[in-house]
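In this chain, residues are counted from 1 in sequence order.
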Amino acid sequence: MCAASHVTFFFHRKRSKHTEEMGTVLDIKIKRANKVYREGEVLSGVVVVMSKDTVQHQGITLTMEGSVNLQLSAKSVGVFEAFYNSVKPIQIITSTIEMVKPGKLPNGKTEIPFEFPLVMKSNKVLYETYHGVFVNIQYTLRCDMKRSLLAKDLTKTCEFIIHSQPQKTKLTPSPVDFTITPETLQNVKERASLPRFLIRGHLDSTNCLITQPLTGELIVETSEVAIKSIELQLVRVETCGCAEGYARDATEIQNIQIAEGDVCRGLSIPIYMVFPRLFTCPTLETTNFKIEFEVNIVVVLQDDHLITENFPLKLCRV
């Protein structure tokens, strides 16, 4: 009888430098799950160090920072060259604390609590977190663990969100009725060649609560040409400036289709748009930059003609 052959595989696992570095893990845990804070509150949480072995270190620091980063679009760079070269992040708030003096940390999990009062000096304010294209307002926590020459320093960064203080005055609704016909359109070269149409509607308010949807309705009364689509386009208008002048750029945040195909004439179509978190903020105007918002109602005809009606919005938080 033939004996069964035995094949033995030997795996030799080489400990890479990366594996050794992964032996110690640094993390920041913010107390609030949604990471949202307002000016005057205390940002708190723990720095977590996890390691299989004892950790020798040269000190652990935690830095809290908030800044505005401005950029110029490609079309504006040549026009504002001096501004482009001089643009630096605008510091809103910064604070560093030494969490642990140089020494050793035991193996396992070590939690080091921290607190940062979000208090501004003089008349400065904490702008709301905003992720834009040419303007970015961001708040971060950065933990640094210095190590000896043989071990790589460890760094962990974590973003937290700032909501601006609610405005003190009551929000006054500003309803807008609109009628769109070939005669009301602007920037039209050959008005006579446009198909005939009549579109009516209203926005419940262009003064908007950032936590509430933009609402209204639209009715296509008549249209000679079949309709392909009706869309709501939310636009950010970012302005960066200095003594030389201002660069103003409008870019799309989101586009929502509210009707598809050749809609029934005389039918009420609801307008409903939620303002996306982080990509919108209360309308803001400062010395160096502005953040504004607009909504476009876009009707696409079957022959690919675009009918666009623009409405400036004012967003606020109460």
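Taking all atoms of both residues into account, the shortest heavy-atom contact from Leu313 to Cys208 is CD2-SG, 4.2 Å. A pairwise comparison of heavy atoms in Tyr130 and Phe279 identifies CE1-O, 3.4 Å as the closest pair. Across all their heavy atoms, Cys158 and Ile30 have their closest contact at SG-CD1, 3.5 Å. Looking at every heavy atom in both residues, Arg236 comes nearest to Val133 through NH1-CG2, 3.1 Å. Contact between Ile227 and Val263 at its shortest, heavy atoms only, is CD1-CG2, 4.3 Å. Of all heavy-atom pairs spanning Cys240 and Val135, the tightest one is SG-CG2, 4.0 Å.
Under the side chain to side chain contact (heavy atoms under 4.5 Å, CB included) criterion, Gln91 pairs with Glu65, Thr94, sequence neighbours left out.
Separating the CG atom in Leu62 from the OG1 atom in Thr96 is a distance of 8.0 Å, to the nearest 0.5 Å. We find the CD1-SG distance between Ile137 and Cys281 to be 5.5 Å, quoted to the nearest 0.5 Å. To the nearest 0.5 angstrom, Asn296 atom CG is 9.0 Å from Glu309 atom CD. With rounding to the nearest 0.5 Å, the separation of NZ in Lys35 from NZ in Lys29 is 10.5 Å. The line from OG1 of Thr308 to CD of Gln233 is 7.5 Å long, rounded to the nearest 0.5 Å. Note that CG of Leu234 is 4.0 Å distant from CD1 of Ile253, once rounded to the nearest 0.5 Å.
Ile93 is not connected to Val119 by any chain of hydrophobic side-chain contacts under 4.5 Å among Ile, Leu, Val, Met, Phe, Trp and Tyr, and they are in different clusters. Two different hydrophobic clusters hold Ile28 and Val36 under the rule that ILVMFWY side chains link at heavy-atom gaps under 4.5 Å. Cluster annotation: Val298 is not connected to Leu203 through the hydrophobic network of ILVMFWY side chains, with a link wherever side-chain heavy atoms come within less than 4.5 Å. Both Ile256 and Ile230 belong to a common hydrophobic cluster when Ile, Leu, Val, Met, Phe, Trp and Tyr are linked at side-chain heavy-atom distances under 4.5 angstrom. Under a hydrophobic-cluster definition in which Ile, Leu, Val, Met, Phe, Trp and Tyr are linked whenever side-chain heavy atoms come within less than 4.5 Å, directly or via other members, Tyr127 and Met120 are assigned to the same cluster.
Remark: the backbone N or O of Phe289 is paired with a side-chain donor or acceptor of Thr286 at under 3.5 angstrom. Asn207 places a side-chain N or O within 3.5 Å of a backbone atom of Thr172 that can act as its donor or acceptor partner. In this structure, Thr283 contributes its side chain and Leu315 its backbone to a donor-acceptor pair below 3.5 Å. Side chain of Thr239 to main chain of Ala247: no donor-acceptor pair is present (N/O by atom type, distance under 3.5 Å, no hydrogens or angles).
In this structure, Thr155 and Leu26 have side chains that are not in contact, with every pair of non-hydrogen atoms separated by 4.5 Å or more. You'll find the side chain of Ile307 reaches within 4.5 Å of the side chain of Leu301, heavy atoms only. Side-chain contact between Val49 and Thr24 is present, with at least one heavy-atom pair separated by less than 4.5 Å. For the pair Glu39 and Ile162, the minimum side-chain heavy-atom distance is 4.5 Å or more. Side-chain contact between Leu306 and Val299 is absent, with no heavy atoms from C-beta onward closer than 4.5 Å. Here the side chains of Met145 and Val55 are in contact, with some heavy-atom distance below 4.5 Å. Looking at heavy atoms from C-beta onward, Thr140 lies out of side-chain contact with Thr63 at the 4.5 angstrom threshold. Here the side chains of Pro312 and Glu292 are not in contact, with every heavy-atom distance at 4.5 Å or above.
Under a 4.5 Å side-chain heavy-atom criterion applied to ILVMFWY residues, the cluster that includes Val235 comprises Val237 as well.
Note on residues 297-318: pairs passing ring pair (Phe, Tyr, Trp, His ring centres under 6.0 Å), not counting sequence neighbours, are Phe178-Phe311. Evaluation of the ring pair (Phe, Tyr, Trp, His ring centres under 6.0 Å) test over residues 145-171, restricted to residues two or more places apart or in two chains, returns Tyr139-Phe160.
No side-chain donor from either of Glu231 and Gln257 sits under 3.5 Å from a side-chain acceptor of the other. In summary, the side chains of Thr157 and Arg142 do not present any donor paired with an acceptor at a separation below 3.5 Å, with no hydrogens or angles considered. Residues Thr206 and Ser174 bring a donor and an acceptor atom of their side chains to less than 3.5 Å of each other.
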Start with the C-alpha distance between Arg248 and Phe134, add both sets of side-chain angles, then the distance that settles side chain to side chain contact (heavy atoms under 4.5 Å, CB included), and finish with yes or no.
CA-CA 9 Å; Arg248 187 176 186 272; Phe134 305 108; over 6 Å; no

List the steps and the verdict of side chain to side chain contact (heavy atoms under 4.5 Å, CB included) for Ser164 and Val125.
CA-CA 8 Å; Ser164 58; Val125 292; over 6 Å; no

Show, in sequence, the C-alpha distance, side-chain angles and deciding distance for Arg317 and Glu128, and conclude whether the salt bridge (Lys or Arg N to Asp or Glu O under 4.0 Å) test is met.
CA-CA 10 Å; Arg317 193 176 285 285; Glu128 181 151 331; 2.6 Å; yes

Side chain to side chain contact (heavy atoms under 4.5 Å, CB included) between Asn255 and Leu232: does it pass, once the steps are laid out?
CA-CA 6 Å; Asn255 193 310; Leu232 284 180; over 6 Å; no

Set out, in order, the CA-CA distance, both residues' side-chain angles and the distance that settles side chain to side chain contact (heavy atoms under 4.5 Å, CB included) for Gln56 and Ser148, then state yes or no.
CA-CA 8 Å; Gln56 184 91 33; Ser148 63; 5.7 Å; no

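Under a 4.0 Å N-O distance rule, the pair Glu224/Arg196 does not qualify as a salt bridge. In this structure, Lys290 does not pair ionically with Glu238, as no charged nitrogen and carboxylate oxygen lie closer than 4.0 Å. Comment: Arg32 engages Glu41 in a salt bridge, judged by a side-chain N to carboxylate O separation of less than 4.0 angstrom. A salt bridge between Lys228 and Asp262 is absent, with no side-chain N of the basic residue lying under 4.0 Å from a carboxylate O of the acidic one.
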Could you pull out all donor-acceptor pairs under 3.5 Å where a side-chain atom in residues 100-118 meets a protein atom, sequence neighbours excluded?
| unit_1 | atom_1 | unit_2 | atom_2 | d |
| --- | --- | --- | --- | --- |
| Lys101 | NZ | Glu98 | OE1 | 3.0 |

Can you list, pair by pair, the side-chain donor-acceptor contacts under 3.5 Å of residues 268-277, counting residues two or more places apart and other chains?
| unit_1 | atom_1 | unit_2 | atom_2 | d |
| --- | --- | --- | --- | --- |
| Ser268 | OG | Glu217 | OE1 | 2.5 |
| Arg277 | NH2 | Asn34 | O | 3.4 |

